[in-house]
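Below is one structure, written out as structure tokens; the observations come after it.
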Amino acid sequence: MSRIPEAFADGPAFIPYLAVGDPDYESSIEYVEALERGGADVIELGLPFSEPIAEGPTIQNAVVRALEGGMTPTRFFEFVEELDVDVPLVCMTYYNLIYRYGGERAERPRAFVEKAAEVGLDGFVVPDLPAEEADPLREACDEFDLDLVFIVAPTTEGQRLERIMEQVSGYVYVQARLGVTGARSDVSTQTDESLGRLSDWDVPKAVGFGIKTGEHAERIVAGGADGIIVGSALVDIVAEGHENGDSAEAVADRLEQKARELSEGAEKGFAQRTPHPERT
Amino acid sequence: MSRIPEAFADGPAFIPYLAVGDPDYESSIEYVEALERGGADVIELGLPFSEPIAEGPTIQNAVVRALEGGMTPTRFFEFVEELDVDVPLVCMTYYNLIYRYGGERAERPRAFVEKAAEVGLDGFVVPDLPAEEADPLREACDEFDLDLVFIVAPTTEGQRLERIMEQVSGYVYVQARLGVTGARSDVSTQTDESLGRLSDWDVPKAVGFGIKTGEHAERIVAGGADGIIVGSALVDIVAEGHENGDSAEAVADRLEQKARELSEGAEKGFAQRTPHPERT
Amino acid sequence: GKFGRYGGQYVPEALMPAIEELEDAYERYVLNNEDGFMDEFRQRLRDFGGRPTPTQYAERLSERYDRDVYMKREDLLHGGAHKLNNALGQVLLAKYMGKERIIAETGAGQHGTATAMACAHLDFDCEVYMGERDINRQRPNVFRMKINGAEVNPVTVGRGTLKEAISETMRDWATNVEDTHYVIGSVVGPHPFPAMVRDFQSVISEEAREQMREQAGTLPDSVLACAGGGSNTMGAFAEFVDDDGVDLYAVEAGGSSLSVDEEKGVAPNSASLSTGGEGVLHGARTKLLQDYDGQIMESHSVSSGLDYAGVGPELAYLVDENRATPVNVDDDAALEAFHRLSRMEGVIPALETAHAFAYLENNHEDLGDTVLVNVSGRGDKDLESVIEETEKRGIENAPDMSMFSGGLR
Amino acid sequence: GKFGRYGGQYVPEALMPAIEELEDAYERYVLNNEDGFMDEFRQRLRDFGGRPTPTQYAERLSERYDRDVYMKREDLLHGGAHKLNNALGQVLLAKYMGKERIIAETGAGQHGTATAMACAHLDFDCEVYMGERDINRQRPNVFRMKINGAEVNPVTVGRGTLKEAISETMRDWATNVEDTHYVIGSVVGPHPFPAMVRDFQSVISEEAREQMREQAGTLPDSVLACAGGGSNTMGAFAEFVDDDGVDLYAVEAGGSSLSVDEEKGVAPNSASLSTGGEGVLHGARTKLLQDYDGQIMESHSVSSGLDYAGVGPELAYLVDENRATPVNVDDDAALEAFHRLSRMEGVIPALETAHAFAYLENNHEDLGDTVLVNVSGRGDKDLESVIEETEKRGIENAPDMSMFSGGLR
């Protein structure tokens, strides 16, 4: 049963992302837990795939580190079970890992979803799975009561929006700008347009791609987003710590601090909204 | 007026060849004079051309040395004038030097022949001038009473022989084997066949290509040749002396000695002929 | 957009509108010849590309194998490989669609050079992504792209081969999708690419079928084509698929071995049709070289152009349907075939192409009386590799190349 | 055997019988199609060679020069240059004549590779003489000859270029004349070579004339072809010679300067038609680069294939008769044209060919409304030279090639 809706019930949701197993299993546990302490409302856990076509260099490198550290789908599920956090967890990965899970005789992609439900995951984001190809996964998610998050891009319009609206659950991932993941110093005006297109959707709208600072978070939430998704800015901290040989504890502290900055930025943005929306 | 016929009047003619100016003008004078001392009956003087297509490596290298030493047609004529020898001299060169002599306005190839007659040359061998293209040179030679020697190759048969017979004067250069000039340790059986084909010709038959020793000379004259032409075996001596830094005098002595070996070989061969031909 | 269970459109949402736009353009211009697109395409293929290419009777091979061997000479196409058929088609389509910029990925460099040539011809800006390892293996092709005015962007992620270059090009496309067309180089990627690239390449079998009828008086018993991504393969097969009597052989790169090293994530071959499992990569469901979990393996072949972990979905389908037979030959056999064809027929094949001839050498007795082999490209681009690999492996039928032991300079 | 005062048969007597035999074979097989020789030749040119080659409308050049520019695409012929037309013709003729062995000389390596390919195709032993300097400038071509099974014999005499290689091949021929045919690579040498090579190459203008009629609806006002020995030149001109309205331009290599250094015996160009004097070389009377005495000069061009001190006698004749116009462009202009054509039309020309396009760039206003340029060959063989020379000279319109400053490896 997905816990995601609750996360949006109480003000804007801060949704951080980390690649699981980056740079190693143990550190990664600490990092994810630090995100919760920093105010995460939902956490996106990246299950590393060898061909991350939607990612920029920051997350590509994280994926390489995690794979070299021995991360696999099986280890990923162990990781989720071992985590001591109390927020909803979304698995972000590419479709081939979902599809292949369980070996040649498994029921695809049901086997992966069943296992995900068992370890306590709440949903999925699959960047290379557009609505057109999502039926099998959608059905499995329905069976196990998990959410399937879809991305809406700046280029998504008309019929495509409707198709996604029919399939999406949990939240919609509003891609702030064209391109691949990665922190940016500017936040695109494409965000406002996208949010505008989605204004009548019931599902919460979380904006991602390029959010780097508390200020960004503030501005985006002030502009109407129900949540913010932040990946590269956090992965950068992991990468830097790894390069400098810092202790996992020190890195976890920095992650918590950054999470807090972003989470508080989102809250500030929410406070600025006029007319102030009612909290449900 | 050509003096070549006389050279064949009194037994077999020994006809050595050297590239004029190899390796320098002064030495070359000494070398040619040494050949006369060694028994030369006619001397072929090579006027070096940049593209000696009928020559093997030995004479190619001699040509390069002579050209690098500054040999030109003008210097060649000076050389001939300066020579102190009393045997007929044949100029061996390629047609372009004959054709181009005297500059753009000269009468071609008459200008070259006129000058040749003036300095005392007796005839020409032009390896890249077959009978078909020889009319202009033949006419100029007739005008100045010089001989035009033609080569008969092992491949020359039938009509071609007749065409050459009509044009040739002085002697016919019987090419002992296919290929380019160069000393060989064997003497081809092609020689006998060629001499056979020419048995009814009036003009003397001198055999060249590959004659290296007195024994070769003996065998060839015994087989019916009226003369022998030797180039590479002599040029080898010049090249060796040049490489070893020997004095011109020492090289000249060696040339004289080799010339004597060849000349005496020819005489021996002549003595073996049965029935002994009458001397005229 | 499906071939049985294969194909589909597995791409980021940001690209979906562009793919739908392309699907529309494909249907209008390619399938329905709107605005005379196909007429213009065919004319440019003729005048710029040099079509038709001949189908040649290979006299000495025919004697060697005691059957009639014909060669479809795509090596004579402008640029030296079949790749221009597709590159020209797509760049022209981009022009009809009003795009302003072309991107492409390339492995051996043949698709990159073909795209660069087509872009120079049609006055397009062009950027080509190429793995760094491939750049080093195929320097002359990199240089050719640059003198044709293209930018060549090195891809350093992973092992730096085609797989990584495709991912990187998809990222560029996702960023610049509004004015940019991605010219995919093979019958891979999301629909409509596999169908569209096949249609552009099917001129190969369209001509060959007609030429066989005219010259041999019969259709071939077998058609052989090397298969990496599979564009020359589908091009050579397409018009024969409905001819039941014609056996279709997709010859894959067996590399050094068909086994895989799951630990290192490396398959020392590129035989995805022969050994791969079903999965989703680069926009399509197809057969892939992958480990138990679904991570994509690094493939290997002595020939860069075959060095890819996936394969066109339509080929996967034809194999499952038993309409095409996947076979493979190893690196050594391909090198031997390279030298054999060069020496016996005076045609220096690409190392990719050499795989098809290696299969012919080893299995000619099973191929019927009349065999058609697609000469997908010429080998000039491979000379450096051939020197190095021939020496390293001590290939027996090679000429003495000691003067080249330091390479071509 | 003469073209006015030019031509003839200035060769050693030992070769004359072979030349007479060749003359006879030329008349019977080539001129009179005895035993269907020409039919077989044309069929092999089609199936093995890839003829016809297209005549392409060059859109961007036409726009640049504000007139219609067409390109005859001999670069698409098998082997990458027009050379195969002649090599295939002569090797086939040698087969009809019962010869067993083929020798050839080569400068840029294009004729050598074409001959090696033709010999592999027709199962002949083949030896190619090549100047050592050219071997070093054209390593890929040397390698291609070897993998086609030919022996490559380095010629070290003199400066080691084409002139010396021709002399050396004549020596081989004089030695092995009975079973050997010498495949001369251009419209040079003793009769019947200049006429025969022209006849084999005239397929270029035969096709182009017809293609111009069909595609342009008119004959060209001018035909441009680069001229070294002149085989592509005569091939491009032959069928237009009787068309009075068609101006013929033979574009020679101006090298670095048209002046000569008599002292050193070096002409820093290969412009024998433009600046040479009448003389006799390599079997024929023609125009030559020579000094006052008649010694042959070392020629020079950035393009190996034009680097020759002589020229075909028929071209000398056409120039004297004012039927063809000899012009020239220097090395820098040729390099610029190389880059221009590559970038604007997606056709990478041989450096030889680039000379013709350089003349077009500088003189297009005098060439009439419709210009036909013969693309005699492709530039793949020249990539190393282009890198080196472009860098050395700082050619302006070249792409950034800093990554290649060490060459292609």
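All values reported here derive from a predicted model rather than from experimental measurement. In the text below, chain A, chain B and the rest are named by the order of the sequence lines, each starting its count at 1.
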Given D/His339, D/Met344, D/Glu59, the one with more heavy-atom pairs under 4.5 angstrom with chain C than any other is D/Glu59
Residue part contacting chain C, namely of [X], when any heavy atom lies under 4.5 Å:
{"X": "D/Arg60", "answer": "side chain"}
{"X": "D/Asp400", "answer": "backbone"}
{"X": "D/Gln43", "answer": "neither"}
{"X": "D/Arg46", "answer": "both"}

Engaged part of [X] at the chain D interface, taking heavy atoms whose separation is under 4.5 Å:
{"X": "C/Tyr57", "answer": "neither"}
{"X": "C/Arg44", "answer": "side chain"}
{"X": "C/Gln215", "answer": "side chain"}
{"X": "C/Glu345", "answer": "both"}
{"X": "C/Asp380", "answer": "side chain"}
{"X": "C/Leu77", "answer": "backbone"}
{"X": "C/Thr55", "answer": "backbone"}

Ignoring hydrogens and geometry beyond distance, is a side-chain donor-acceptor pair present between C/Ser303 and C/Glu352 at under 3.5 Å?
yes
